[in-house]
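Lettering follows sequence order; numbering is per chain, from 1. Bear in mind the structure is a predicted one, so any value in this text is a computation, not a measurement.
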There are 2 protein chains.
Amino acid sequence: MDHYFANRMHNTQKSFIREILKVTQDTEVISFAGGLPNPDFFPIEELSAASTKAMAEQGRNMLQYSTTEGHGPLREYIAARYAQKGLMVSPDDILITNGSQQGLDLIGKIFLNKGDKMIMERPGYLGAIQAFAMYEAEFLPVPLLADGIDPQVLETTLQNHNPKLFYSVPNFQNPSGVTYSEAARRRTAELLHGRDTIFIEDNPYGELRFAGEDLPSMKSYLGDNTILLGSFAKVVAPGVRLGWICARPEFIDKFIIAKQAADLHSNYLSQCIVAQYLQDNDLDAHLTTIKAAYKKQCDLMTNLMDELFPPEVTFIRPEGGMFLWVTLPEGVSSLKLFEEAAKLKVVFVPGQPFYVDGGGENTLRLNFSNSDEAKIETGITHLAHAIKTLLVKNSSLQPV
Amino acid sequence: MDHYFANRMHNTQKSFIREILKVTQDTEVISFAGGLPNPDFFPIEELSAASTKAMAEQGRNMLQYSTTEGHGPLREYIAARYAQKGLMVSPDDILITNGSQQGLDLIGKIFLNKGDKMIMERPGYLGAIQAFAMYEAEFLPVPLLADGIDPQVLETTLQNHNPKLFYSVPNFQNPSGVTYSEAARRRTAELLHGRDTIFIEDNPYGELRFAGEDLPSMKSYLGDNTILLGSFAKVVAPGVRLGWICARPEFIDKFIIAKQAADLHSNYLSQCIVAQYLQDNDLDAHLTTIKAAYKKQCDLMTNLMDELFPPEVTFIRPEGGMFLWVTLPEGVSSLKLFEEAAKLKVVFVPGQPFYVDGGGENTLRLNFSNSDEAKIETGITHLAHAIKTLLVKNSSLQPV
């Protein structure tokens, strides 16, 4: 059968995370595995009202084929929002995509030949690894420290390999929750200065900061050599399936060609509904509600982890986003912990798939955005129990 | 700048048709150029009601992330509709895509290595040419006759090249309006029998037959070696941006992997709205209305062409779909005709871009679905005038 398929498919497999998510459809299981926003805060009534209004006022238009670059008012909204944050971009620099995942695919399509080198954070976002692996990129993993990418490794990697792309999630990274500090941003930008390497600044969680201060976009240091990716999934709802690419005109021209070939244009019905929703509602007020809730959920989870996890288990306390990163003692396997925890009906994502070069066997990702207080309390209690059981098993297996 | 981009981008350009469409935004221009359905028949109120109902009943679910394969009820509806037409497929064999254009992109992704050979109809669908060109396929053009693909050329092409894929639009093809006769279907299937070549049966217009009888799907002859592509664009509305791939499980597994990497899943909001619409409305009654209207538009256009075009201009009378194919006398350029007709504020698509190997300079595509009677009357009158003007110019340029 394999002779049918293109070479790029030979080493691919279904997303480990999505397969885990399927297994955990069981409603009795408490899942910290998915990357799902809390549906309690989906603006269902507002989106329904926006749909009714848009259909009545522009139904013939919104149900027809549309332009590849996307709905004008939506692109203007995005540009205006960047301007509020001090980034001046034109609506013409924006292409609407099917979630920011499609942005990753289009980047692969227009930039990557087989074997082209690109920097990935270690651990790195799995969706990006999958998208770029399809274009047979050669990944150059650079470790992520608690405040950003490792500058020493970055410097030698840039010098030795002159990579084409550098993929990064500078705010509340998936999976680690790490945010690049201001100093790390400046240092990273200095190391990239004068190079052709294109910095891909993926920022799906940037609007979900619930602690600390907003930091400047990497584009404010790097300018035209940056491609920004954004998404409405976490600020409006994932089901609207809309994201965007923001880049210099020479890149946008190529993205439009690739997008035409890929699917002509993004869902226009959804674009018009979301544009109407954004026009009629106060997104910042909505975000204030979400952020307060996520802060509460994150605080509850980290406080319980402080209290219940053995001291040799460490974790990174995020300032926003949806994820927490846990490190077990060296030699303790998070895959084994997964089995142990599943018996107690609590699941998470083992860290290994986030490492393009292997490693990370003792790490795991927890999602705090999609569980209420009761689930967090029960789930972390059970997880702590599973960790202790595993540590005892492990120590009894040590040679004496 | 070019050194930034992947090799696959070096010979691409923006879609000629979409560029034409931009030029013809002028409301005074009568356009037979686009491939747009008639928006008079978009079920705006019904879709709006479906949106309100779905949001009220399943808002939390329809706004969340979803499965890559697509909304269950929508896949069941599609499988049931195939069953009505005598094709037994499982909902599990169906993957929902962003229009059938994404089906083309995913086919390229999972099957095509650079230089892999595939058969394209000559003339062929431009969206498919663009999608497969991105994967650097080697096209093997086989001429389309009035009743299907040329069997002699097909036979030698299969023997000499053993192509991996064969892309076809057997019903009311875009651009030619040609439908494979029953005899042509059987003959084509016989030639493919015992070969590995995968037949891609793209059928966006199949439900729009307004003359003659429905013919068996190519899959009914070829079985598992067929990939079916379908779309809601022409039967519901393009703006819902939903199509599907129907294929054997081994292929669907790979399509799911490619789709995950491309954009995780299709727009879920739109999938739930369309599923609700299909549950609450009679699609066949809706199609009866559309087909009656398109028949009237097509009849008017072809009758006027019979009456007004010079006899040396020929065309194919379609039994459904949205397009008419016109052939000018040998040596008369449809690009020159485009210039002449544009002066009279009527436009169409010159045929050349539909030929992967050049040629077709004297052909053009007319769309009849998106113009009312008044526009068809004025437009065809002006076009006839432009043709006559050009023929006179051409004959005066002939050497005596």
Heavy-atom distances under 4.5 Å only: say whether A/Ala258 touches chain B with side chain, backbone, both or neither.
both

With a cut-off of 3.5 Å and sequence neighbours excluded, list every side-chain donor-acceptor pair involving residues 232-240 of chain B.
from	atom 1	to	atom 2	distance (Å)
B/Lys234	NZ	A/Tyr65	OH	2.7

What is the minimum heavy-atom distance between [X] and [Y], and which atoms define it?
{"X": "B/Lys254", "Y": "A/Met9", "result": "O-CE, 3.6 Å"}
{"X": "B/Met134", "Y": "A/Ala261", "result": "CG-CB, 3.8 Å"}
{"X": "B/Gln101", "Y": "A/Asp263", "result": "CG-CA, 3.7 Å"}

Who among A/Asp105, A/Asp116, A/Ile198 has the most heavy-atom pairs with chain B under 4.5 Å?
A/Asp105

Name the option with the most non-hydrogen atom pairs under 4.5 Å to chain B; the candidates are A/Pro39, A/Ser100, A/Gly59, A/Pro43.
A/Pro39

With a 4.5 angstrom heavy-atom cut-off, is it the side chain or the backbone of B/Ile129 that approaches chain A, or both, or neither?
neither

B/Asp40, part contacting chain A, at a heavy-atom distance under 4.5 Å:
both

Looking at [options], which has the largest count of heavy-atom pairs under 4.5 Å with chain A?
{"options": "B/Gln271, B/Glu45, B/Arg60, B/Met62", "result": "B/Arg60"}
{"options": "B/Phe251, B/Tyr268, B/Phe132", "result": "B/Phe251"}
{"options": "B/Lys109, B/Glu250, B/Lys114", "result": "B/Lys109"}
{"options": "B/Ala131, B/Ala262, B/Gly99, B/Ser51", "result": "B/Ala262"}

A/Arg8 side chain to B/Ile110 backbone, donor-acceptor under 3.5 Å
no

Between the side chain of B/Asn113 and the main-chain N/O of A/Ala6, is any donor-acceptor distance below 3.5 Å?
no

[X] vs [Y] side-chain heavy atoms within contact, under 4.5 Å:
{"X": "B/Gln64", "Y": "A/Pro37", "answer": "yes"}
{"X": "A/Asn98", "Y": "B/Arg241", "answer": "no"}
{"X": "A/Ile273", "Y": "B/Leu269", "answer": "yes"}
{"X": "B/Leu63", "Y": "A/Ile44", "answer": "yes"}

Looking at B/Tyr4, is A/Lys164 sitting on its ring face, NZ or CZ under 6.0 Å from the six-membered ring centre and within 45 degrees of the normal?
no

